[in-house]
Structures are given as C-alpha cells and as structure tokens.
Amino acid sequence: MITGCARGIGFAAAEKAAQQGHRVVAHCRKTSEPLSALQAAHPDRVHILECDLGNRDARKRIWDAASEPFGIPAGLVNNAGIMPSTPLDADDATWD
C-alpha cells in the first residue's frame with residue numbers, strides 16, 4: 001500500500017512497483033489522470049483507494065479497505081501529506 005499516489009513521489013513509487021510486477025493499493029484523496037492511466041495499464045496489479053486521510057473515520061477504515069483487493073498488504077509506504085502555504089516571515093508558532 002502506498003499513500004499519496006495522485007502525483008509526485010507517491011505516484012512514481014506506485015508506477016515503479018507496478019512495472020516491476022508488484023500488486024499496489026494506490027491511495028489518493030482524489031484520483032488523478034496519471035493514476036487512472038496507471039491502473040488501466042496494470043489492471044491486475046493496481047487498485048486505487050480514494051480516502052481523505054483528514055477524515056478520522058476514513059482513517060480507521062483504510063486498512064480494511066486496502067486488504068480487500070489483494071489481501072493484507074505486505075508493506076506500507078506512508079507518503080501522503082499536505083503542504084499548507086506558510087509565509088517565510090511567519091512567527092515560530094505558525095511554523096510549528
């Protein structure tokens with residue numbers, strides 16, 4: 001299972017894993033066009049799991065949902081994240 005697969009590092013990791021023959025549960029908040037294309041290219045190896053990790057209830061259900069297509073995941077790449085816009089001159093409390 002790889003979280004944050006809509007783009008960037010998460011997508012690249014999912015793409016590489018699928019190309020090497022691994023089964024991938026690709027988590028994203030919202031499916032991107034590249035991720036849809038990856039699933040179309042590897043339908044037997046890529047399963048997209050949409051889930052907003054900001055939702056507490058969704059976080060509790062994600063592991064069960066990730067286990068449905070291929071069984072319990074053998075590993076987790078915890079890549080999902082957000083980057084709020086923070087001005088460089090913000091105070092320390094804002095950066096914390």
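Note on V24: it does not cluster hydrophobically with L49, by side-chain heavy-atom contacts below 4.5 Å among ILVMFWY residues. Tracing side-chain contacts under 4.5 Å through hydrophobic residues (I, L, V, M, F, W, Y), one reaches M1 starting from L53; they form part of the same cluster.
When every heavy atom of W63 is checked against every heavy atom of I72, the shortest pair comes out as CZ2-CG2, 4.0 Å. Closest of all the heavy-atom pairs between V46 and A18 is CG2-CB, 3.6 Å. A66 and V25 get closest at one heavy-atom pair: O-CG2, 3.5 Å. Residues H27 and C51 come closest through the heavy atom pair NE2-O, 2.8 Å. The two residues A40 and P43 have their closest heavy-atom pair at O-CD, 3.4 Å.
Rounded to the nearest 0.5 angstrom, I48 CD1 and S32 OG are separated by 7.5 Å. Rounding to the nearest 0.5 Å places CG of N55 at 10.5 Å from CD1 of I62. Here the straight-line distance linking atom CD of Q39 with atom NE2 of H47 works out to 7.5 Å at 0.5 Å rounding. Note: N79 CG to C5 SG = 7.0 Å, rounded to the nearest 0.5 Å. Rounding to the nearest 0.5 Å places CG of D52 at 11.5 Å from CG of D57. Interatomic distance, L76 CG to I2 CD1, rounded to the nearest 0.5 Å: 9.0 Å.
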>> Set out, in order, the CA-CA distance, both residues' side-chain angles and the distance that settles side chain to side chain contact (heavy atoms under 4.5 Å, CB included) for K16 and H22, then state yes or no.
In response: CA-CA 9 Å; K16 188 69 160 180; H22 299 282; over 6 Å; no
